[in-house]
Each structure stands twice: as C-alpha cells, then as structure tokens.
Amino acid sequence: MVDLDVVVVGAGFSGIYAVHAFRSAGLTVRAFEAGDGIGGTWFWNSYPGARCDVESKDYSYSFSPELEQEWSWSERYPAQPEILRYLNHVADKFGLWPHIQLNTRVTGAGWDAATASWRVSASDGATLTARFLVSAAGCLSELQVPDLPGLAEFDGAWYHTSRWPKEGVDFAGKRVGLVGTGSSGIQVAPEIAAAAEHLYVFQRTANFAVPNRNRPWAEAEERAFKSGYREYRAEARESFLGVPITGTGRPVLDEPPQDVQRLFTERWEAGGGMPFLGAYTDVLVSQAANDVVAEFMRDRIREIVADPAVADLLCPRGYPVGAKRLCQSDDYYAMFNQANVSLVDIRSTPIESAYPGGLKTTTDSYDLDALVFATGFDALTGALFAMDIRGAGGVPLRSAWATGAQTYLGLATAGFPNLFIITGPGSPSVFSNMVLSIEQHVEWVRDCIAWLRSHGHATIAPTAAAQSAWMEHVSEVAYATLFPKADSWYVGANIPGKPRVFTSYLAGCGPYRAKCDAVAAAGYEGFALGGS
Ligand code: N01
C-alpha cells in the first residue's frame, strides 16, 4: 500500500503550485519544506534590497484569473517581503496548508521497483512511500560559501545573503566587507552602505547592471494591465523568455550607430534587462554585436562613477554582456561615489584568508566588524544532490550525473522512474520568467500523471536514447550563442570541480512548450512506460 500519490520537495513558487495543481486533479500530495515558512527563494533570500528583476505583473501566477485580479502589486519590481506575502496569500486562498509540512527536509528517496514507488525519508525521521516524486527544490537554493582559511577565527558576525537572519542585521557604526558582486551583492551593497560606517566591496569580476527604474504602479497602469491580463499571459507563454518584449527584429550591426545609441538610451532610461538584451537579434549570438551593447553600458558606468579609476574597475570586461546574469540596480554604481564605500579588486590581489579582525588580501589587510557573502549557489544540481536520490538498481543521482546533468526535456532523467524535476536542467528554467516556466512544468506533470492512470501505466522514465538526443540538442542550441563563454553559475564554473556543462534550453519558452506538448500528444514519446 503506497501512502501518497505525490511527494513534492519544497514549497516555493514551484511546490506551492504543484500542491494546488495535483490536489485539484484529485491526487494525494504532501510537500516537505525545510524552512519554517513557505516561499523558497523568497523565504530564504531576505537580505535588505532583495527584489525580483522581473516585473511583478509577469512574476506572478497566471493559473487563476481571480487571483490575478484580486492581488495588487505595489511596485513595478516586487520586493522580497511583498512576494512572500503574495505566496502566503496563495496558500491561504487555495487551502494548501494542510498539505505542506514545514521544518522538514527530504533527506533521501529510493526507487522501489517491486512496488513501483518512491520510499522517501525526511529529516524528522519519518519515511513514507509515494508513486511520484516531484522535485520543486529550486535552481538556486544550495548556497555556496568560499572555503576561506581563517573564517572560523573571524571575530565578527558573517552572513550569506540567502540565509539572512529574519530579525535583520544592524550595520550601524560597523566596517563591513562584502564578497560577491552578482545580482545579490549588487542589491545588498547600497543597503549596507546606507547604514554602515564603511563598506568594502571585494570584487572578483565586475558585472553589468542596468537600471530598474523601479516605481509604484500607478492605479491607471494596474487597471490597464489587468484589463488585458488573459491576452497578455497568452502572449507571454508563447514568447521567448516568458515575458513579451519588443525588439527591433534587426541586427545591431546593420543599424546606423546613432539609431543604436538612441534606442539603447531609451531602454536604459526605461529600465529593465530583458528589453535591453532583446533590442536586437544578434546581441547574444555575435561577439561584435555584443561589444556594441557592452561599450554602451561601460560608458554609462563611466558617467555615473566620479572616480575614473573606480569606474574603470567597475567596467566589466572579458565576457559577453548577458552571459553572466545581467544585474539590475538603480543605485549600485552611484553608491561608489559615497565616501564610506571602497572597491577592492580581488582579481589582481585575491583574498588570502580571514583573521580575527578582518580579511587579508595578497597586498593588504582590511579590518572588519562583519562579513557578507553574496557568493551564490551550486545551481540547478546542488539541491538535488543534497538529497540522497537513488533510482533503479539503487544508482545515486549524483553518479548518474557525474559528468553533468542529463535529462529529457529538463523534466525527467533516465533510470529514475516517476521522478519529475520542476524547471530542471535542460529546460528554459533560469533563462525564462520562472513563474510561467514553473506553471508549464507543473501542468505538464499533472497531465502526464492523469494520462498514465487513464492508460493503465504505473511508471514512466525517459529512454537513454531520447535523453541523449535532447541533451545534444540543448548543447547545440546553447553553443550557437555567447552564453557558454562566461565563467558563470550557468556552466557550473562557480563550484570548484563541477563539470562545465551548459544545461539550460535556449530555444525559447514558446517553442519549448510546443515540444513538451508534442511529446505528450504522441503518447509520451521518448519515455518508456511500464507496469499496470
Ligand atoms: O550569485 P552569483 P548571486 N571569492 O553566482 C563571487 C538570481 N538572483 O546570489 O563572478 C570571491 O551570481 C562571484 O565572483 P565571480 C539570479 O539568477 C536574482 O548574486 O565568480 N568572490 C560573483 O561576483 C542570479 O544570477 C535576483 O568572479 C566570489 C558572486 O560571488 C542568481 O540568483 C537577485 C567567490 C556570486 O554571484 C545568483 O546570484 C539575486 C570567491 N571564492 C539573485 N565565490 C533578482 O531577481 C563567488 N564569488 C534581482
């Protein structure tokens, strides 16, 4: 006797919707969530300044027109506390709480061929069985802290942006060191600088950041997007990124330079990263085209930052713009004009160690009272490997993916029957509006389970042949772009020893959705079906 139809791992945007969708389809479900609240990314990343860089009207569920109309977002780009309130509202509205177990981490799951079910173990000591295991554990949830000699001896407090104390941190009168200048570092830095006596930003790689131009939604704006929401969402689903954006449809290299400058200036003033990178067709495939955008952005940095030496250090070089996640901030560069902020170049003078009173680079010592690591995550595979998942024959997922993640459609992996991964490696995932991609995956899995049942199948797993063809296709699409050229978390370069594999599907959300639908319509082509 199997306990449940589905165990869901995690209760962020994915897990919350999975619980709702599977329950609505008549399945028995339990989601296990390690945190003492729901929200996933938006529960854990509560550092000051945390804000989504996709607009609130896009970064919200589309499955319920009623929810869409009743919820009011206060700002163009939603701040972390507001997103968390929204997700709690969703759980309240749809009665999801009885099916979510907080404070409980899934520690392992083993496939039992005899009962065609997963045996799932949790951190509370419980084990239970489920027909299907759905990972909603998140693409960016397994944090990474540098292995820094002497950190244990550091006298002050240290924090990682993704495990921020719920009670907040008072930096008043403190000398603070910030390591990491990706999206999290760029968001938290101005907040720390506003409070601290001094902020030292330890930069290894300069990052491109475009303005948000964040603002409250005016009532008329909200009325306007809500009045056409259904049509807008339909367009988003078919779009490249899961957000409709307007590009010129022309290559930048064919345009008169003054027109390019005018358009980029307009888009810089309007704010947002996607409209910027999507303005022309060749920016993410041609280095020469990319250089035009990169130089435009470097010019803006030189305009904003008063000290030319600091501005020069802040100018990203050596990788294509967009190949590391494009950051967004209204105040990061200007912050370096404050007297209490210093930029430390740890590319040329790396950090050697921590000591009780601060950090030591190869040339200097920095006395610090607190340290903040915005050093990112073991992306895409980290959270899956943190559980001991064992498929058919007891094979650990970690071994099956020793040379890099292998999936079919980014949804499932050979040798692991009845395991689904929401926004897994090999799907558009982190290269899309995550919320729409999550909805697409959850609905696909829900419909797949219903189909299996109605056709008398107990198990489903990709064939090795379909999987390798898919991964080849994913790689072919990716390597036709500039994305794999940067040392980013997209390729696992931020984790020592991780295989360098680019595992996001870059052909666009609309075409990807069509492929998934075609696979389903063909009786789950590429999957082996078993049992009855
Ligand atoms: O992490 P990151 P993040 N010594 O990996 C540096 C999403 N997100 O948390 O580039 C010194 O991007 C590292 O340097 P380098 C978004 O998808 C979204 O900022 O490797 N430095 C880099 O500067 C994003 O892409 C939002 O040389 C070290 C930084 O730490 C993803 O999450 C907000 C180091 C890590 O940057 C991850 O962003 C926040 C070391 N040993 C996050 N190790 C929004 O929606 C790492 N670094 C706005």
Side-chain angles (χ1 to χ4, degrees), residues 12-13 40-42 44-56 58-59 76-80 83 138-149 151 159-164 177-189 191 200-212 214 243 271-274 314 316-319 322-330 332 343-354 359 361 371-380 382 423 429-435 483 486-496 498 504:
F13 261 101
T41 284
W42 302 105
W44 295 106
N45 289 268
S46 59
Y47 59 85
R51 185 181 292 285
C52 186
D53 59 7
V54 177
E55 291 189 15
S56 52
D58 297 298
Y59 196 81
R76 180 182 180 195
Y77 291 99
Q80 173 267 335
I83 303 175
C139 300
L140 293 159
S141 47
E142 196 63 21
L143 67 93
Q144 101 74 42
V145 176
D147 187 11
L148 192 58
L151 184 58
Y159 311 91
H160 188 282
T161 40
S162 79
R163 292 292 180 277
W164 205 256
L178 168 66
V179 183
T181 52
S183 303
S184 304
I186 281 177
Q187 286 190 329
V188 78
E191 301 288 328
Y200 295 90
V201 178
F202 293 89
Q203 172 189 279
R204 189 165 70 180
T205 309
N207 240 311
F208 292 96
V210 296
N212 270 326
N214 189 35
V243 176
M274 291 181 181
L314 285 168
R317 291 188 183 86
Y319 65 92
K324 275 175 180 282
R325 167 72 175 249
L326 183 59
C327 300
Q328 292 185 205
S329 172
D330 286 330
Y332 178 68
L343 183 63
V344 183
D345 174 16
I346 55 167
R347 170 73 59 189
S348 55
T349 59
I351 298 173
E352 278 190 340
S353 59
L359 283 186
T361 66
L371 260 176
V372 175
F373 292 104
T375 44
F377 303 88
D378 184 355
L380 293 154
T423 62
S429 178
V430 291
F431 274 91
S432 67
N433 172 2
M434 284 298 279
V435 184
F483 283 106
D487 288 336
S488 67
W489 60 261
Y490 291 149
V491 292
N494 63 329
I495 303 295
K498 193 166 175 174
S504 288

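From a predicted model like this one, the values you see are computed outputs, not experimental measurements. This chain uses plain numbering: 1 for the first residue, then up along the sequence. Read the numbers this way: they start at 1 and go in the same order the structure lists the ligands and their atoms.
Residues Leu148 and Phe373 have side chains in contact (heavy-atom distance under 4.5 Å, counting atoms from C-beta outward). Between Leu151 and Leu371 the shortest side-chain heavy-atom distance falls below 4.5 Å.
At a 4.0 Å heavy-atom cut-off, the residues surrounding ligand 1 are Tyr47, Arg51, Cys52, Asp53, Leu140, Gln144, Pro146, Val179, Gly180, Thr181, Gly182, Ser183, Ser184, Gln187, Arg204, Thr205, Lys324, Arg325, Ile346, Arg347, Ala374, Thr375, Gly376, Phe377, Trp489, listed by chain and number.
The six-membered or imidazole ring of Tyr319 lies near that of Phe208, with a centre-to-centre distance under 6.0 Å.
Considering OG1 of Thr161 and CD of Gln187, their distance stands at 9.5 Å, rounded to 0.5 Å.
In this model, a donor atom of one side chain and an acceptor atom of the other lie less than 3.5 Å apart for Gln328 and Asn212.
Under the 30°/60° scheme for interplanar angles, the aromatic rings of Tyr159 and Trp164 are found to be tilted.
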